[in-house]
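Proteins get letters first, then strands, A, B, ... in listed order; numbering begins at 1 in each.
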Amino acid sequence: MSASHDPAARAAQLRRELGHHNHRYYVLDDPDISDADYDALINELRALEAEHPDLRTSDSPTQRVGARALERFAPAEHRQPMLSLANATSEEELRAWVQRSERVLTKQAQHGDPSGPTLRGQDARTSFVTEPKVDGLAISLLYEDGVLVRGATRGDGEVGEDVTQNLRTIKAVPLRVEGAPDLLEVRGEAYLPRAAFARLNEERVAAGEAPFANPRNSAAGSIRQLDPRVTAGRPLSMWAYSVGALEGLSFATQTESLDWLREHGFKVNGDIARHDELEQVVAACRWWEERRESLDYEIDGVVVKVDDLDLQRRLGVVGREPRGAIAWKFPPMTATTVLERVMWNVGRTGHMVPFAELAAVQVSGVTVKLATLHNEEDLKRKDVREGEEVIVTRAGDVIPRVVSPTAKALRRRQRGPVPAPPAQCPACGTDTIKPEDGVWTICPNRASCPGQRFQAVKHFVSRGAMDIEGLGEERALAFLEGGLIASTADIYELTQETLTGLEGFGELSARNLVESIERSKGQSFHRVLYGLGIPGIGFVNARALTRHLRTMDALLAASPEEIEQTPGIGPILARTIAATLSEEATRELIERLRGHDLQMVDDGPDPRAGQGPLHGKTLVLTGTLPELTREDATERIEAAGGKVTGSVSKKTDYVVAGEEAGTKLAKAEQLGTEVLDEAGLLALLDG
DNA sequence: CGGCCTCGAGTTCC
DNA sequence: CTCGAGGCCG
């Protein structure tokens, strides 16, 4: 067999052979030739393609390493939205989901839908498929006539990023699918095997580079590399788990589609199983959880799907979540480590806030060194001591939290003292006090404690208050320490001249900051009031007060009794608010801000005037909406007479669910609260 | 009195 | 997002 005879035929043969070897090696994990022999084949093909550029095809194995770097990724619109999944965190929720699915199907069947679901006996019953929920990056692969034409990330579910060049470098991604229908979209999870991740990190450390925090992050980061050669250097793999858009072929069940994918060169997890009974589903979830640590890939749960694809479609979509599938999430991971020290911070209102310094430990994929201890009472209740072992978790899988001492720590005969709040404020050294009836030890130096002032400035510039872009935590601290500002009002006296030349400031950034400070003067009165940081006036109460009393002058002149007339404000809050407002320091701050033309009058709609379409309705927002920001949505709901609260209860009329809706959506389902997506909300707003 | 709500605070990733 | 404390309201 000589290349000189017929280059085209030889090239085709090499491609076929290399495709076979790639599949054996990367998908089946069972190579049948040596690496050297493989290299010889690919080099021969490269040489051939270099000599005859017209022989180079986009599905050639040599094209797995893209040639040039991109400037940024093009948007890639999904043929079918890539939805997120509802979560079940307990067996009960999983059972509830199964029962609910079957109930919905039964109801549809009873309504005599002629093409209704298959019934077995009285109730609609179906089989379920359990699949590992791999912690990686969801991707979509689009094949036209069997050739990979586009690979995309999930993005917002509607539009992702075109990362075709990078996905081509993944050996488990077939570039060509023999016997594929006209159009085929395969969905899967790109991930970095644990062993490969460990190796990669060793190499990075050896090369003096920072190691990656966890396989998930490095997989996501690798795929979003602009230069595909970097991606090619990362040993990524991919599990295929479903078929999206499809033309020229159809599947009756999830199982059938997975079998097809497996037979056509995709890597499909071999432990995916089908079950007829709920008990088997639960058992499978437990089985995965037990094996979790021993797998070569990270999983954070199990996806349970209704096997019958027609039934899946019938179950429909609520919010952004298909009802035909659910993610059974493993309980948040905990870890054991040593509580090295209990430290204290000063909160905005002067509270001493304890936090834990921990011996660094991995908790569900990230390194944790600090964790909240909440407050003094909580600290006492938890019964932890410095130098002892504690259990750490991540609340909502995000915020590190000390749960309790370990059993071992509790068994110690001689335990250290219960950590006590400091006698002096850690920020200003003033003697702390603990009011008789209070839970918190406080720093009484409200006016000039640098800790409290920092918190006050941080709060004032924050997103919910004046939202001053370019003035974050770090700069606020630098300005305070540099003596540039002493209070929030001083922010409005910063000029381009004072800023230019300061550490980190050029002419441009100085101008930008001055501009955004100027812009913040347009923020509405309720934001200003909230920004003052008066105890008891959070975002909601600020809104209520400005609505009710309309102007700063009216508020300053109001007696506690008058303030109490505001909906949501009772006698206790009214008294403390009036007291704080009458303090000299508060008055002075307000007058200075007024001097800088901040809004002191509510120009919003008078709630008594309009009766909007949402009048008297309570809504809860959860997840990320496709278009509206949370603030926009809140504003529009309120303009329509509705109220937005933070948690779902019996009083909630609607839950508006977006991307990655959390527990609130689950709660809504449980209570039977009506769930809307953004379009549904907009429709309501229009009446 | 009990349910519901708001406030205030923390932290890590990108 | 999540939690505890505690105020508000029916």
Side-chain angles (χ1 to χ4, degrees), chain A residues 87 89 135 137 210 212-214 216-221 224 332 343-358 360-382 392-403 435 437-440 442 451-452 454-456 458-459 462 464-465 473 530 533-545 563-577 618-624 630 643-652 660-667 671:
Chain A
N87 290 328
T89 50
D135 210 2
L137 188 72
F212 286 114
N214 58 49
R216 197 206 115 76
N217 287 355
S218 58
R224 299 199 64 265
M343 304 288 284
W344 299 81
N345 265 335
V346 195
R348 172 162 56 83
T349 46
H351 300 154
M352 294 297 121
V353 185
F355 64 96
E357 279 186 2
L358 304 163
V361 65
Q362 291 288 120
V363 187
S364 52
V366 305
T367 309
V368 170
K369 290 197 277 280
L370 300 171
T372 176
L373 286 166
H374 231 119
N375 62 44
E376 215 176 308
E377 287 294 300
D378 202 30
L379 176 63
K380 246 189 257 170
R381 238 194 331 265
K382 283 193 176 129
V392 180
T393 185
R394 293 172 74 211
D397 244 18
V398 181
I399 298 175
R401 196 164 64 96
V402 173
V403 183
D437 48 347
V439 178
W440 292 289
I442 61 169
Q452 292 183 56
F454 168 57
Q455 300 287 350
K458 206 169 97 181
H459 175 72
S462 70
E473 202 166 313
Y530 170 62
I534 290 164
I537 306 186
F539 196 82
V540 173
N541 285 349
R543 193 30 70 105
L545 286 165
I563 292 176
E564 202 185 325
Q565 297 309 303
T566 309
I569 308 283
I572 296 173
L573 274 177
R575 252 202 327 274
T576 68
I577 289 169
T618 302
L619 290 84
V620 172
L621 302 172
T622 179
T624 316
R630 211 161 254 256
K643 205 171 95 164
V644 176
T645 65
S647 55
V648 182
S649 69
K650 279 183 292 190
K651 291 189 182 168
T652 310
E660 284 176 28
T663 51
K664 293 181 207 170
L665 184 57
K667 185 83 188 285
L671 290 171

How many Å lie between [atom1] on [X] and [atom2] on [N], as a whole number?
| X | N | atom1 | atom2 | value |
| --- | --- | --- | --- | --- |
| Glu473(A) | dT12(B) | CD | P | 12 Å |
| Arg224(A) | dC14(B) | CZ | P | 12 Å |
| Trp440(A) | dA9(B) | CH2 | P | 9 Å |
| Gln452(A) | dA9(B) | CD | P | 9 Å |
| Leu545(A) | dT6(B) | CG | P | 13 Å |
| Ile442(A) | dG8(B) | CD1 | P | 14 Å |
| Phe454(A) | dG10(B) | CZ | C1' | 13 Å |
| Leu573(A) | dC8(C) | CG | P | 4 Å |

_Min side-chain heavy-atom separation Leu545(A)-Ile563(A) under 4.5 Å_ = yes
_Any Val392(A) side-chain heavy atom under 4.5 Å of Val403(A) side chain_ = no
*Using a 4.0 Å heavy-atom cut-off across all strands, classify Leu373(A) as base, sugar-phosphate, or nothing.*
nothing
At under 4.0 Å, does any side-chain N or O of [X] touch on OP1 or OP2 of [N]?
| X | N | answer |
| --- | --- | --- |
| Arg348(A) | dA9(B) | yes |
| Asn345(A) | dA9(B) | no |
| Thr372(A) | dT2(C) | no |

*May I ask you to decide if the ring planes of Tyr530(A) and Phe539(A) are parallel, tilted or perpendicular, using 30° and 60° as cut-offs?*
perpendicular
*asked:* Can you tell me which residue among Val402(A), Leu370(A), Leu373(A) is in a side-chain contact (heavy atoms from CB on, under 4.5 Å) with Phe355(A)?
replied: Leu370(A)
Among [options], the one nearest [X] by side-chain distance:
| X | options | answer |
| --- | --- | --- |
| Val540(A) | dA9(B), dC8(C), dC7(B) | dC7(B) |
| His351(A) | dG8(B), dC8(C), dT11(B) | dG8(B) |
| Pro571(A) | dC8(C), dT6(B), dA9(B) | dC8(C) |
| Arg401(A) | dC3(C), dG7(C), dT6(B) | dC3(C) |

*What is the minimum heavy-atom distance between Thr349(A) and Gln452(A), and which atoms define it?*
C-OE1, 4.0 Å
